[in-house]
Amino acid sequence: MQMEIIEAHDETTTLAYAVARIVYAETLAKSLRVVEALTSMIFNAANHDIKNIKRVISNSKIFESLRSESTRHEFLSVDASRRDFQMCLRVAKTMLHGNLPDTCCHATMFHRAEFLPSWAVARGYICDIDGILFYI
């Protein structure tokens, strides 16, 4: 049986794909736990307002993958039929419907453990999930 992905053009579906692409590029879908945490951080950073999610996910200061010189930038073009991307998409849709619990302890910022951005020096991280550190 051949499965075909049908892309709807409603705003929620488009936003879900955009969120999923960012989450995939930043986490490489390492685990469901980290995908849920980063997705809930996006929701927290948008102050629980779906309309602000677009602004959050387009901020290259938050998401390294949005910068063309980043090694993660290429992962924004992930094949939407990949299983790991589909996991990110399901989590993004759950978040957009208001059904994703806050699994990142109210965090609004993050970075991967291999980097220490200047903004993080004066803060203590509140949780570490699969090598991604989350901050309020």
Side-chain angles (χ1 to χ4, degrees):
M1 174 187 222
Q2 177 100 2
M3 293 184 67
E4 181 180 338
I5 295 179
I6 300 170
E7 291 189 37
H9 295 289
D10 66 78
E11 191 172 346
T12 303
T13 300
T14 302
L15 185 56
Y17 272 87
V19 169
R21 287 186 186 286
I22 291 288
V23 170
Y24 180 83
E26 295 293 338
T27 67
L28 299 180
K30 190 174 182 179
S31 70
L32 176 60
R33 188 171 175 233
V34 76
V35 166
E36 288 177 338
L38 189 58
T39 305
S40 64
M41 189 227 65
I42 290 169
F43 191 64
N44 293 341
N47 293 319
H48 307 286
D49 182 354
I50 298 295
K51 293 178 184 173
N52 289 333
I53 289 175
K54 287 181 187 178
R55 201 171 337 173
V56 171
I57 65 168
S58 64
N59 188 336
S60 63
K61 291 180 182 176
I62 298 174
F63 300 105
E64 172 196 341
S65 60
L66 293 174
R67 297 190 294 267
S68 59
E69 71 275 3
S70 169
T71 57
R72 293 186 171 269
H73 185 73
E74 67 183 273
F75 297 112
L76 291 172
S77 301
V78 62
D79 179 356
S81 66
R82 288 180 55 114
R83 251 186 187 173
D84 47 1
F85 176 77
Q86 287 294 311
M87 175 179 64
C88 295
L89 183 59
R90 282 190 304 276
V91 172
K93 287 178 178 180
T94 301
M95 180 264 291
L96 291 171
H97 287 103
N99 296 321
L100 184 67
D102 185 350
T103 58
C104 65
C105 305
H106 309 292
T108 57
M109 294 291 291
F110 83 102
H111 68 84
R112 280 180 298 289
E114 62 265 19
F115 302 106
L116 183 61
S118 58
W119 61 261
V121 174
R123 300 178 182 196
Y125 65 90
I126 55 173
C127 65
D128 177 350
I129 301 174
D130 292 341
I132 293 185
L133 286 75
F134 291 91
Y135 297 76
I136 293 181

Can you check whether Phe85 reaches Arg21 side chain to side chain, under 4.5 Å on heavy atoms? yes
If only atom types and distance count, is the side chain of Asn47 paired as donor or acceptor with the main-chain N or O of Asp49 below 3.5 Å? no
Ion pair present between Lys54 and Glu11, side-chain N to carboxylate O less than 4.0 angstrom? yes
Spell out, as yes or no, whether a donor-acceptor pair under 3.5 Å connects the side chain of Glu64 to the backbone of Ser70. no
Are Leu96 and Ile53 side-chain neighbours, meaning at least one heavy-atom pair lies under 4.5 Å? yes
Spacing of CZ belonging to Arg90 relative to CE belonging to Met95, to within rounding of 0.5 Å: 15.0 Å
Closest contact, heavy atoms only, Leu76 versus Ala25: CD2-CB, 3.7 Å
Can you confirm whether Ile57 sits close enough to Leu66 that some side-chain heavy atom of one is under 4.5 Å from a side-chain heavy atom of the other? no
Does any non-hydrogen side-chain atom of Leu100 lie less than 4.5 Å from one of Phe43? no
About how many Å separate OG of Ser58 and CD1 of Ile22, when rounded to the nearest 0.5 Å? 8.5 Å
With rounding to the nearest 0.5 Å, note down the distance linking NZ in Lys30 to CG in Asp84. 13.5 Å
For Arg72 and Glu26, indicate whether the former's side chain and the latter's backbone hold a donor-acceptor pair under 3.5 Å. yes
Backbone of Ile129 reached by a side-chain donor or acceptor of Arg33 within 3.5 Å: no
To the closest 0.5 Å, what do you measure between OG (Ser68) and CD (Glu74)? 12.5 Å
Contact summary for Val23 and Cys88, nearest pair of heavy atoms: CG1-SG, 4.1 Å
Test Arg55 against Asn59 for side chain to side chain contact (heavy atoms under 4.5 Å, CB included), laying out the working first. CA-CA 7 Å; Arg55 201 171 337 173; Asn59 188 336; over 6 Å; no
Going from OG on Ser31 to CD1 on Ile132, what distance comes out if it is rounded to the nearest 0.5 angstrom? 8.5 Å
Using atom types as modelled and distance alone, determine if a side-chain donor or acceptor of Asp128 lies under 3.5 Å from a backbone N or O of Gly131. yes
May I ask you to decide if the ring planes of Phe110 and Phe63 are parallel, tilted or perpendicular, using 30° and 60° as cut-offs? tilted
So, taking the atom named OG1 in Thr39 and the one named CG in Asp102, what distance separates them when rounded to the nearest 0.5 Å? 11.5 Å
Check: Leu89 and Tyr17 side chains under 4.5 Å, non-hydrogen atoms: yes
What is the minimum heavy-atom distance between Met87 and Ala29, and which atoms define it? CE-CB, 3.7 Å
Is the backbone N or O of Ala80 less than 3.5 Å from a side-chain atom of Gln86, with the two atoms forming a donor-acceptor pair by type? yes
Contact check, side chains of Met109 and Trp119, non-hydrogen atoms, under 4.5 Å: yes
Could you check whether the rings of Phe75 and Tyr24 sit parallel, tilted or perpendicular, using 30° and 60° as the cut-offs? perpendicular
Side chains of His111 and Tyr125, donor plus acceptor under 3.5 Å: no
Between Leu38 and Cys104, is there a side-chain heavy-atom distance shorter than 4.5 Å? no
What I want to check is whether the side chains of Glu36 and Thr103 have a donor and an acceptor closer together than 3.5 Å. no
Contact summary for Ala37 and Phe134, nearest pair of heavy atoms: CB-CZ, 3.7 Å
Taking C-beta and beyond as the side chain, do Lys93 and Val19 meet within less than 4.5 Å on heavy atoms? no
Going by distance alone, is a donor N or O of one side chain under 3.5 Å from an acceptor N or O of the other, for Thr94 and Asn99? no
